[in-house]
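Report on the structure given below.
Read the numbers this way: they start at 1 and go in the same order the structure lists the ligands and their atoms. Every heavy atom of this structure was used, including side-chain atoms; hydrogens, water molecules and symmetry mates were not.
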Amino acid sequence: MVKRLILTGAPGSGKGTWSKILSDTFSLPHISSGDLFRKELADDSPLGQQVRSYVEQGALVPDELTIKLVEKTLAEGPGQNGFILDGFPRTIAQALALDGILAATGVKLDAVIALDVDEAILVERALSRMICRGCGQPYNTSVTRPNQEGVCDRCGGEVVRRSDDTQETLQRRLLLYHEQTKPLADYYRDQGILVKLENNGPPDQTVQQELFQMLESTCSGA
Ligand code: ADP
Ligand code: ZN
């Protein structure tokens with residue numbers, strides 16, 4: 001049974017898109033650390049003010065603040081009976097903290113999906129993507145535009161370009177991904193829960209079946 005999943009990958013690798021598919025398929029709440037931060041920024045909350053410069057410049061928010069926010073979100077309910085965590089953990093320190101948080105409630109991760117995408121495709125995707133301010137649904141400026149310009153098909157929210165999706169910020173985020181986040185694959189491979197998905201194309205039925213099968217065998221083996 002698929003219950004506690006992590007989606008990890010570079011910016012533009014499709015974490016948001018796959019999270020939505022998996023969240024619909026397995027009826028699990030989608031918890032995106034990037035969406036959580038963007039919400040704090042939009043509300044201009046005290047946390048939002050603290051993290052604004054990191055997010056806008058494409059730097060990582062310090063582990064302590066990030067861990068606290070995710071821990072609070074998991075504890076508030078959406079994480080009680082399973083979850084899809086998108087964009088967290090992004091550092092080994094965050095992964096260790098998450099293991100501790102889960103161990104304290106007697107549960108563990110079922111699988112970690114690492115999305116693998118060619119660098120050229122990552123850049124193209126990140127620079128053409130849009131996102132719903134309301135629900136985080138990803139769109140792009142070419143194939144997956146919303147039916148009505150600027151309006152989310154799912155929730156009616158405003159569909160915008162992300163202010164951190166610029167050429168310069170993206171280079172910084174890619175670098176940080178290689179330095180800090182990519183090593184997580186080894187960490188989870190050692191735990192026997194890593195599922196690697198090559199994600200250079202669209203998330204069509206064939207790729208979905210491939211992923212569901214890999215998940216089934218990983219999760220039942222855990
Ligand atoms: P991306 O498309 O770059 O994967 P996200 O929406 O996941 O974007 O994150 C956007 C920004 O939010 C990041 O560039 C970073 O500033 C901040 N952020 C999100 N998740 C984390 C995390 N786990 N640790 C530190 N910073 C984070
Ligand atoms: Zn929406």
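- The option with the heavy atom closest to atom 13 (C) of ligand 1, from among R90, R129, Q94, R172, is R90.
- Distances below 4.0 Å separate heavy atoms of P11 from the following atoms of ligand 1: 1 (P), 2 (O), 3 (O), 4 (O).
- Annotation for R133: atom CZ does not count as buried by contact number, only 12 or fewer foreign heavy atoms lying within 6.0 Å.
- The nearest non-hydrogen atom to atom 15 (C) of ligand 1, considering only A59, G34, P89, comes from A59.
- Angle SG(C155) to the Zn ion (ligand 2) to SG(C135): 110° [nearest 10 degrees].
- Residue, atom and distance of the protein heavy atom nearest to atom 20 (N) of ligand 1 are S33 OG, 2.7 Å.
- The neighbour count for E198 CD, taken as heavy atoms of other residues, nucleotides or ligands under 6.0 Å away, does not exceed 12.
- Atom 11 (C) of ligand 1 has its nearest heavy-atom neighbour, among L98, V55, D86, L69, in V55.
- Cluster annotation: V117 is not connected to W18 through the hydrophobic network of ILVMFWY side chains, with a link wherever side-chain heavy atoms come within less than 4.5 Å.
- Between D164 and ligand 1, a contact under 3.5 Å exists for no N or O pair.
- When hydrogens are left out, the protein atom nearest atom 4 (O) of ligand 1 is K15 NZ, 2.6 Å; that is the closest non-hydrogen contact.
- Residue contacts with ligand 1: Q57 is excluded, as none of its non-hydrogen atoms falls under 4.0 Å.
- Residue Q49 places its CD atom among more than 12 non-hydrogen atoms of other residues, nucleotides or ligands, all under 6.0 Å distant.
- Placement of L65 and L36 within a single hydrophobic cluster is found when ILVMFWY residues are connected by side-chain heavy-atom separations under 4.5 Å, directly or transitively.
- Note that the CG atom of L5 and the CG atom of D86 stand 11.5 Å from one another [nearest 0.5 Å].
- In this structure, the protein non-hydrogen atom closest to atom 27 (C) of ligand 1 is F37 CE1, 3.7 Å.
- Using a cutoff of 4.0 Å between basic side-chain nitrogens and carboxylate oxygens, R125 and D165 are not scored as salt-bridged.
- Proximity to T66 (heavy-atom distance under 4.0 Å) selects the following atoms of ligand 1: 22 (C), 23 (N), 24 (N), 25 (C).
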